[in-house]
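Here the structure comes first, spelled out in structure tokens, and everything after it is commentary.
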Amino acid sequence: MNIAHMQEQRLKALELTNSGAPRLPSNPFFGVGAITDAATDEVDSRLRRLAFDAWIEKTYRKFDDRGNDIGGFTTAEISRSMHRGYPADKILTDMMRSIHRYFGFPKTNRMAVGLGGGHSGFTVCVQHLMNANDASQRIYVDTPRPESDPSRAAGFFRQSWATQLIEMQRFAENGCESRIHFADSEGIIPTAEELTSLGVSIFVGVGHETTGANAYTSREIGELLKWIDGDPQHRHAVFDATSMLGAMPWEPELVAAVMAKCCLFMPFQKAIGGVSGYFVASFTPHALALIEKNQQDPPWAIPRQLKIAPPVDPRQPFSAKRSVDAGPFYDASEDRMLGGVINTYSALAFAETTFGLLQSEARVGSVVDLNRRSAANRKAIDEWVQSNALLSLTVTDPERRGAAVTLLKVEDDGIFDPDIHARIIARSKQLLGYEGITHPNGEYERGLDAARYVNAFPGTPGDYRAWVGGIREPEDVVALLENLKYAYLRAKIVVLEEELAKKGVTFEALKTSDGSMRKDDPTRAYTVLVADLIGLRFDAAGNPDHSEIKAYVEEKGGVFHLGPLNDRSSLEKGRVHFFYQP
């Protein structure tokens, strides 16, 4: 780019941003999942913590040996407690019930819980459902074959799901990699006829929107359900529901059918608004029967912490029957846990998950409302992009665009150099966060703190990736887009100035007064009302002793008055006067 072109582009960006920064979203966290606590600031977060403490004490009570209520458990007590006995058992059951109920899992399906997040959930599902000893079993995974041309740019994370399936077959004594079929591109579900012709018995859906911001279409979901209905006893579907829960943009009857007929696994933090490090996985009755059948002829060792079909008789770990009836499952039909969670979990984290779901339900409504608003937010993004040429959506088919995650690419015909483009994107993220950006002349633009962690995954075609979903108000989504546009243009100005500086072009810094200096008007008397003083020592008469506060105010040049403000004209000018009037 020559100097004239850079000057022209800089002036255009200045003109487009001369009205200042747009309205900020309610909070800057767009990298934490489809469901968050939606706290707006530190005050809101601390008030929410107080509400959580009160809820804990109200919900989990202590009882004496005769059943009399003798007070509530405190947050501090639960944080120090172990993961067995009361109230930990009740906290675990309450959480599982809340997840199962809120997201609409049917009572026929059991839900397992464990440690390790979404990847552990995936491992649990495939290690129990897939069996390398069954030569007739065929698996379809909706991502391209690892290291094939369509997957080369995806990086390890995106390819890791299919890689694990291949390695399980490759390293098992009776395994065969040819039993796994792959999609031509991410997130493709074949027709029922195609799945049947391939002889598929397990469909693994991990190509959903988490990284690429794509979604399954209603037609694809309908075909998958049609395939399952053809032989429900021997056909199983497993979905990564990290981005699906609360963001299923399909007809309600399709959503209900997916929840009933498919197995789903998901991490807490991104999928259900809990504390990271845990997962839940829902299994249909037919899937549970397959798990028990596989355990009669297991193809591989399953790590203890991931077993969901442990021996029924713990004294006979090898010879006893292995059953899901003894696993870490919540059975909604009986409203109880069949077994406990292997390894120590945080009872407080599980309680926070329940509380968070209840808060989300009170704020947004049912999961039907959440799904509906996710679709509305997707539509709001589509409409905004149509009228703003700077940003485009990487998923071209509107029906295949994700309803929880959006992936945007900058379309700036004034920037031709990919390295310059990358620098502008990087600097824009500094402005979107709290770092801010500094111009070559020393002018500093403070961080907007509008959107943190909006990074696209390496290899994906987008520049900005953000979790939106139904937890956000549509106005919040528009505010995010406006801030992305503004931050890009402001970062473009800085990067172009850096390039111009290399060619000897400089820009004079704006002359601004130092806003950190306090300048008092000597002709005015400033008055401050102190309505209460908290945390004071008591004097001999038992009243709050304000003498230390008075001394501190006077040390700083102020004047301390005991009582109300009466005659303002008598106050000394150029001083700050504090009036203590409880």
Side-chain angles (χ1 to χ4, degrees), residues 29 32-33 35-39 42-103 105 110-118 120-121 245 266-281 304-306 308 327-332 334-363 471:
F29 301 106
V32 293
I35 295 184
T36 71
D37 65 5
E42 284 306 309
V43 173
D44 191 25
S45 291
R46 296 182 190 202
L47 289 174
R48 196 178 300 270
R49 171 57 61 179
L50 291 174
F52 173 67
D53 292 345
W55 177 81
I56 284 284
E57 294 179 29
K58 179 182 178 181
T59 306
Y60 300 105
R61 309 294 296 176
K62 298 174 184 173
F63 302 96
D64 66 15
D65 62 336
R66 296 189 178 184
N68 299 309
D69 189 318
I70 55 174
F73 282 93
T74 66
T75 304
E77 285 179 286
I78 292 176
S79 70
R80 296 194 301 266
S81 68
M82 290 299 289
H83 62 295
R84 291 288 184 268
Y86 181 82
D89 291 343
K90 176 173 170 52
I91 289 172
L92 169 59
T93 304
D94 287 351
M95 180 193 71
M96 297 299 284
R97 183 193 305 113
S98 297
I99 297 171
H100 201 280
R101 175 195 62 81
Y102 182 72
F103 291 108
F105 291 99
R110 293 179 183 176
M111 180 176 285
V113 59
L115 281 72
S120 291
L245 286 190
M266 63 236 72
F268 276 21
Q269 182 189 25
K270 292 180 181 177
I272 59 179
V275 177
S276 60
Y278 305 95
F279 74 90
V280 287
R304 179 178 178 272
Q305 74 273 17
L306 300 179
I308 58 173
F329 281 94
Y330 172 71
D331 188 331
E334 299 182 17
D335 189 28
R336 71 182 182 95
M337 291 294 299
L338 302 179
V341 182
I342 298 173
N343 282 349
T344 305
Y345 61 85
S346 167
L348 194 61
F350 283 11
E352 285 186 80
T353 302
T354 305
F355 178 75
L357 275 178
L358 294 174
Q359 292 274 306
S360 173
E361 185 174 22
R363 187 170 59 251
I471 203 67

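Values below: every heavy atom of this structure, side chains too, minus hydrogens, waters and symmetry copies.
At least one side-chain heavy atom of L338 sits under 4.5 Å from a side-chain heavy atom of R336. The shortest distance between side-chain heavy atoms of L115 and Q305 does not fall below 4.5 Å. Within the 4.5 Å cutoff, the side chain of D44 has heavy atoms near those of the R48 side chain. Looking at heavy atoms from C-beta onward, M337 lies out of side-chain contact with F329 at the 4.5 angstrom threshold. Side chains of F279 and V113 form no contact here, defined as non-hydrogen atoms less than 4.5 Å apart. Looking at F73 and R61, their side chains never come closer than 4.5 Å, going by heavy atoms from C-beta outward. Side-chain contact between D335 and D331: absent, with no pair of heavy atoms (C-beta onward) separated by less than 4.5 Å.
Residue R46 qualifies as open at atom CZ: its count of foreign heavy atoms under 6.0 Å is 12 or below.
Taking CD1 of I99 as the start and CG of D94 as the end, the distance is 11.0 Å to the nearest 0.5 Å. Atoms CD1 and OG, from I471 and S360 in turn, are 3.5 Å apart once rounded to the nearest 0.5 Å. Atom NZ of K90 sits about 5.5 Å away from atom OH of Y60, to the nearest 0.5 Å. The CZ atom of R80 sits 11.0 Å away from atom CG of L348, with the distance rounded to the nearest 0.5 Å. Between S346 atom OG and I78 atom CD1 the span is 9.5 Å, to the nearest 0.5 Å.
The existence of a salt bridge linking R110 and E334 is excluded, since no basic side-chain nitrogen approaches an acidic carboxylate oxygen closer than 4.0 Å. Salt-bridge annotation for R49 and E42: absent, with no side-chain N of the basic residue lying under 4.0 Å from a carboxylate O of the acidic one.
For the side-chain contact (heavy atoms from CB on, under 4.5 Å) test with T353, the passing option among Q269, M95, M96 is M95; the others fail. For the side-chain contact (heavy atoms from CB on, under 4.5 Å) test with E352, the passing option among W55, F52, F268 is F52; the others fail. When the options Y278, F355, Y330 are evaluated for a ring-ring contact (aromatic ring centres under 6.0 Å, His included) with F350, the one that passes is Y278.
For Y102, there are no ring-ring contact (aromatic ring centres under 6.0 Å, His included) partners two or more places apart in sequence or in a different chain. Every residue two or more places apart in sequence or in another chain was checked for a ring-ring contact (aromatic ring centres under 6.0 Å, His included) with F103, and none qualifies. Residues satisfying the salt bridge (charged side-chain N to carboxylate O under 4.0 Å, His left out) criterion with D89, sequence neighbours excluded, are absent altogether.
Side-chain atoms of D53 and T75 include a donor-acceptor pair closer than 3.5 Å.
When every heavy atom of P267 is checked against every heavy atom of G118, the shortest pair comes out as CB-N, 3.4 Å. Of all non-hydrogen atoms in A271 and L245, the two that sit nearest each other are O-CB, 4.1 Å. Annotation for I308 and A112: closest pair CG2-CB, 4.2 Å, computed over non-hydrogen atoms.
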Intermediate values then yes/no, salt bridge (Lys or Arg N to Asp or Glu O under 4.0 Å), E57 and K62: CA-CA 9 Å; E57 294 179 29; K62 298 174 184 173; over 6 Å; no

Worked check of side-chain contact (heavy atoms from CB on, under 4.5 Å) between F63 and N68: CA-CA 5 Å; F63 302 96; N68 299 309; over 6 Å; no

Verify side-chain contact (heavy atoms from CB on, under 4.5 Å) between L92 and V341, making sure each step is shown before the conclusion. CA-CA 9 Å; L92 169 59; V341 182; 4.0 Å; yes

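Looking at T59, its side chain never comes within 3.5 Å of a backbone N or O of I56 through a donor-acceptor pair.
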